[in-house]
Amino acid sequence: MKEFLQKQLDALKEKSQYRNLKAITSDPDGNACYNDRKMLNLSSNDYLGLANNPDLQEEFFSDLKTDSSKFSLAAASSRLLTGSHSQYDKLEALLSELFGNRSALVFNSGYHANIGILSAISGKGDLILSDKLNHASIIDGSGLSEAKLKRFRHADYEHLEDMLIKNTGRYRNIFIITESIFSMDGDIADLRRIVQLKRKYNAVLIVDEAHAFGLFGETGCGIAQQQGVMADVDIIICTFGKSLCSIGACAIMDPVTRDYLINKTRSFIFTTALPPINVSWTYFMLKKIITMNSRREHLQLIAGKLRQGIIDKGLITAGSSQVVPLIVGENQAALDMADKFQEAGLLVFAIRPPTVPFNTARLRFSLTAAMTEFDIARILENM
């Protein structure tokens with residue numbers, strides 16, 4: 001077995017697709033220490049720039065002596081046994097309020113949510129229509145479901161409608177699933193158009209707001225809120241590990257679907273619950289980011305400046321969000337460019353296949369609200 005595995009690793013190295021873990025520490029200013037050097041961190045999903053904020057941490061821990069129950073470091077059980085502590089109730093109630101009094105269910109991660117929900121609500125006799133660039137967890141959840149999976153061309157809603165025309169009436173249920181912001185291109189789905197198709201063909205719509213939650217919409221609920229279709233999406237999935245700087249995820253849906261998921265979702269049933277301290281921190285952060293419109297506006301401002309700067313230099317980019325790609329093409333060229341940026345004190349890494357399509361290796365600038373226009377100028381100066 002080891003000989004076989006080593007050959008596979010050697011093949012990855014030959015194609016410049018070999019990966020390794022990196023030792024990185026961060027500071028409150030959005031900098032990272034890597035290879036004994038302090039650099040501006042351009043590879044984090046800490047979109048609001050709050051992950052290492054000492055004031056927030058001090059405020060959170062200030063009532064440790066008066067309410068120690070919410071700081072417990074272990075749940076020690078699944079939620080269906082003794083792990084569904086009171087902090088879950090508080091968090092799910094707040095999420096329900098934010099999403100128009102719909103039902104909320106917290107999962108251990110976005111991956112847990114996507115593989116669990118899709119495999120629980122769909123099966124043989126169903127059809128899943130998935131955007132070509134959807135996250136690996138969505139692809140894996142679709143595979144576990146045993147439903148028929150077909151992928152429509154990325155953001156090609158005419159192709160999606162063509163699939164709906166051809167398949168409506170042939171399956172028990174048809175599920176449409178898309179991300180709202182795609183993490184490698186930074187582009188935004190037209191959820192209004194997808195909702196129209198969902199209604200026209202009586203499909204079920206699932207939207208993963210992982211890279212939009214906390215950043216778009218009046219209270220940060222995501223692209224569905226910004227585009228005015230939040231109530232029309234059957235299941236909304238939001239993760240806590242990005243803008244909220246925490247861990248876990250949630251699904252927003254109707255009460256019947258929530259009850260069904262509690263009873264049928266294997267990734268929910270057969271795992272230890274998140275510790276109370278993590279759920280408490282998520283609740284604390286969620287209450288904070290609801291009002292952070294100025295940070296959201298600043299983030300989109302600097303993202304627009306970086307994207308336009310890349311275009312002005314005659315280089316290739318994409319999207320319209322806080323994720324700004326610089327598409328290079330060849331794997332080694334992307335690795336070499338990443339090295340150049342790191343030498344200049346800018347921490348960005350090459351993104352290569354299979355994470356992105358072949359011949360589209362890139363640098364993915366993941367911006368945060370803690371960055372300034374001076375930081376954007378530094379990035380552009382080194383291209």
Side-chain angles (χ1 to χ4, degrees), residues 26 44-53 56-57 59-61 70-75 79 83-99 102-117 135 137-138 141 179-181 183 206-217 219-225 230 233 235-253 258 261 265 267-268 271-292 295-296 299 321-323 366 368-369:
S26 300
S44 164
N45 291 330
D46 174 24
Y47 295 132
L48 288 175
L50 303 172
N52 297 292
N53 186 299
L56 289 173
Q57 294 174 13
E59 182 181 348
F60 175 66
F61 286 113
K70 72 179 185 181
F71 295 95
S72 176
L73 299 176
R79 286 193 69 184
S84 197
H85 44 79
S86 61
Q87 300 306 313
Y88 273 110
D89 296 334
K90 288 178 59 178
L91 176 57
E92 288 173 346
L94 178 57
L95 287 163
S96 174
E97 179 184 344
L98 285 174
F99 283 89
R102 299 176 71 185
S103 294
L105 185 64
V106 171
F107 287 81
N108 282 24
S109 70
Y111 205 101
H112 280 82
N114 280 332
I115 64 170
I117 292 171
H135 190 264
S137 59
I138 296 173
E179 296 183 52
S180 60
I181 293 180
S183 60
I206 303 172
V207 175
D208 186 335
E209 296 264 27
H211 294 271
F213 185 51
L215 301 178
F216 291 86
T219 56
C221 287
I223 297 298
Q225 184 182 52
M230 197 163 67
V233 180
I235 300 177
I236 298 173
I237 297 167
C238 303
T239 58
F240 305 149
K242 297 176 177 64
S243 296
L244 264 67
C245 314
S246 186
I247 186 171
C250 70
I252 307 297
M253 69 217 108
R258 183 182 190 273
L261 292 179
T265 308
S267 65
F268 176 86
T271 190
T272 300
L274 292 169
I277 189 170
N278 296 112
V279 182
S280 300
W281 173 251
T282 300
Y283 175 82
F284 173 84
M285 289 299 295
L286 183 57
K287 291 195 75 173
K288 293 291 184 185
I289 70 164
I290 291 169
T291 60
M292 291 186 176
R295 296 184 80 89
R296 288 190 270 272
L299 177 58
S321 69
Q322 75 284 352
V323 176
S366 189
T368 81

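Annotation: the span from Q225 atom CD to E209 atom CD amounts to 9.0 Å, rounded to 0.5 Å. Rounded to the nearest 0.5 angstrom, S280 OG and M285 CE are separated by 13.5 Å. Distance check: I223 CD1 to M230 CE gives 12.5 Å after rounding to the nearest 0.5 Å. Between the CD1 atom of I235 and the CZ atom of R102 there is a distance of 9.0 Å, given to the nearest 0.5 Å. Taken to the nearest 0.5 Å, the CD1 atom of I252 stands 8.0 Å off from the SG atom of C221. For the atom pair CG of D208 and CD1 of I237, the computed distance is 5.5 Å after rounding to the nearest 0.5 Å.
Scanning for side chain to side chain contact (heavy atoms under 4.5 Å, CB included) contacts around T239 gives A210, K242, A249, with sequence neighbours left out. Qualifying ring-ring contact (aromatic ring centres under 6.0 Å, His included) partners for F60, counting only residues two or more places apart in sequence or in other chains: F71, W281, F284. For Y88, the ring-ring contact (aromatic ring centres under 6.0 Å, His included) partners are H85, not counting sequence neighbours.
In plain terms, the two heavy atoms of I117 and A251 that are nearest each other are CD1-CB, 3.6 Å. Listed here is the closest heavy atom pair of R258 and L105: NH2-CD1, 3.9 Å. In this structure, L299 and A369 approach most closely via the heavy-atom pair CD1-N, 3.8 Å. Between S72 and P275, the closest heavy-atom pair is O-CB, 4.0 Å. The nearest pair of heavy atoms linking A74 to P276 is O-CD, 3.7 Å. Taking every heavy atom of both residues into account, G248 and L274 meet most closely at CA-CD1, 4.0 Å.
Ion pairing between R79 and E92 holds under the 4.0 Å rule for side-chain N and carboxylate O.
S267 contributes a side-chain N or O that, together with a main-chain N or O of H112, makes up a donor-acceptor pair within less than 3.5 Å. In this structure, N108 contributes its side chain and T272 its backbone to a donor-acceptor pair below 3.5 Å. The backbone N or O of S44 sits less than 3.5 Å from a side-chain atom of S366, completing a donor-acceptor pair. Between the D46 side chain and the A51 main chain, a donor and an acceptor come within less than 3.5 Å of each other.
Counting heavy atoms from C-beta outward, I181 and Q322 have side chains that approach closer than 4.5 Å. Within the 4.5 Å cutoff, no side-chain heavy atoms of F213 are placed close to those of S243. Considering only heavy atoms from C-beta on, R296 comes within 4.5 Å of L48 through its side chain. Proximity of L286 to L98: side-chain heavy atoms (C-beta onward) are separated by under 4.5 Å at one or more points. In this structure the side chain of F99 reaches within 4.5 angstrom of the side chain of I236, judged on heavy atoms. Taking 4.5 Å as the limit, some side-chain heavy atom of F240 sits within range of a side-chain heavy atom of L91. Counting heavy atoms from C-beta on, the side chains of L95 and V106 come closer than 4.5 Å. The shortest side-chain heavy-atom distance between R295 and L50 falls under the 4.5 Å cut-off.
Counting heavy-atom neighbours within 6.0 Å of I247 CD1, excluding the residue itself, gives a total of 12 or less.
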